[in-house]
Amino acid sequence: ALPIYADIFGPSQPTMFGVEDERPVSVSVGGRDLIAPIEKYGVNLLSIGFFVNAGDAIVWRGAMACNAVKQLINDAHWGELDYFLIDLPPGTSDIHLTLIAELRLTGAVVVTTPQPVALVDARKGVEMFRNEKVNVPILGLVELPRNKYYIFGKDGGKALAEELNVPLLGQIPLVQSIREGGDEGIPVTLQAGHPAALAFEKIAGQLVR
């Protein structure tokens, strides 16, 4: 799997993979100078976070952000692909429309928390991809977090999936180890048998199928 992090204004991928100090290099391929993605845990990565200092704010207009996404997609040496995953920013922005125009997408996965205010945005995301001018299949919906205290409400994502007739790929538990793994750059999925890792593996398996 080869993911690109398209959230230009909040690029957290380098931190979550523990590669904040890495900088992509240029490689010559077929007479073109292309960006070589960063590799970690057997995954190739690209994010605008590799090209700016961690503490710097990215103050760009929409057109600049969209051009950056185009470069990350088209000017990188991705090689032979199994899966090309693009993590989008929240909402329905210019970046989403740029992506739809640049690539023929297999489908979209919508992620939400269970509370009503988040479900409103998730619904908009589903409807954007289903719009007749866009026409990108919804592969499924993921709900997080899920725990015994139901701080954010209970099963809102499941109910939305049923209402919109899309698969519920899974519900991610709210546990401290996910947060710690993201902050430390060591994903919880590396912990074989961990309940959170199993939840992610189940979702990934359903998505591949």
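Heads up: numbering here begins at 1 and tracks the sequence.
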**Q.** Chi angles and distances behind the salt bridge (charged side-chain N to carboxylate O under 4.0 Å, His left out) call for Arg123, Glu163
**A.** CA-CA 10 Å; Arg123 183 190 303 276; Glu163 177 189 340; 2.7 Å; yes
Q: List the steps and the verdict of side-chain contact (heavy atoms from CB on, under 4.5 Å) for Phe51 and Leu72.
A: CA-CA 11 Å; Phe51 302 94; Leu72 292 178; 4.0 Å; yes
Q: Given side-chain contact (heavy atoms from CB on, under 4.5 Å), test Gln13 with Leu46 step by step and report yes or no.
A: CA-CA 8 Å; Gln13 185 190 67; Leu46 265 187; 5.5 Å; no
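Between the OG1 atom of Thr92 and the CG atom of Asp121 there is a distance of 8.5 Å, given to the nearest 0.5 Å. Summarising the geometry, atom CG belonging to Leu119 is positioned 7.5 Å from atom CD belonging to Glu143; distances are rounded to the nearest 0.5 Å. Separating the CG atom in Asn135 from the NZ atom in Lys133 is a distance of 13.0 Å, to the nearest 0.5 Å. Here Ser26 contributes atom OG and His77 contributes atom NE2; the two are 11.0 Å apart, rounded to the nearest 0.5 Å. Within the model, atoms CG of Leu97 and SG of Cys66 stand 8.0 Å from one another, a figure rounded to the nearest 0.5 Å. Once rounded to the nearest 0.5 Å, the distance linking CE of Met16 with CG of Leu45 reads 11.5 Å.
Hydrophobic clustering, with ILVMFWY side chains joined whenever heavy atoms are under 4.5 angstrom apart, groups Val69 together with Leu81. By the criterion of side-chain heavy atoms lying less than 4.5 angstrom apart, applied directly or through intervening Ile, Leu, Val, Met, Phe, Trp or Tyr residues, Val27 is not grouped with Phe50; the two fall into different hydrophobic clusters. The cluster map of Ile, Leu, Val, Met, Phe, Trp and Tyr, joined by side-chain heavy atoms under 4.5 Å apart, puts Val120 and Leu88 in different clusters. A chain of hydrophobic side-chain contacts below 4.5 Å, direct or via other Ile, Leu, Val, Met, Phe, Trp or Tyr residues, connects Leu164 to Val134.
Heavy atoms only, all atoms of each residue included: Pro24 and Ile35 are closest at CB-CG2, 3.6 Å. The shortest heavy-atom contact between Leu168 and Ala161 is CB-CB, 4.1 Å. For the residue pair Glu20 and Arg23, the shortest heavy atom distance occurs at O-NH1, 3.2 Å. Annotation for Leu144 and Pro114: closest pair O-CD, 3.6 Å, computed over non-hydrogen atoms. Minimum heavy-atom separation, Pro173 to Ile178: O-CD1, 3.4 Å. Pairing each heavy atom of Pro37 with each of Asn44, the nearest pair is CB-CB, 3.9 Å.
Between Phe84 and Trp78, the ring-plane angle classifies as perpendicular under the 30° and 60° cut-offs.
The main-chain N or O of Pro90 is never found under 3.5 Å from a side-chain atom of His96 such that the two would form a donor-acceptor pair. Side-chain atoms of Arg130 never come within 3.5 Å of backbone atoms of Pro137 as a donor-acceptor pair (strictly under, hydrogens ignored).
Residues Lys70 and Asn67 are in side-chain contact: their nearest non-hydrogen atoms beyond the backbone lie under 4.5 Å apart.
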Under 3.5 Å, sequence neighbours excluded: what are the donor-acceptor pairs made by side chains of residues 98-111?
from   : atom 1 : to    : atom 2 : distance (Å)
Thr98  : OG1    : Asp94 : O      : 3.0
Glu102 : OE1    : Asn74 : ND2    : 2.8

Please list every donor-acceptor pair under 3.5 Å in which a side-chain atom of residues 185-209 meets a protein atom from a residue at least two apart or in another chain.
from   : atom 1 : to     : atom 2 : distance (Å)
His194 : ND1    : Ala196 : N      : 3.0
His194 : NE2    : Ser177 : OG     : 3.0

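By the side chain to side chain donor-acceptor pair (under 3.5 Å) test, Asp183 is found to be paired with Arg179, residues two or more places apart in sequence or in another chain being considered.
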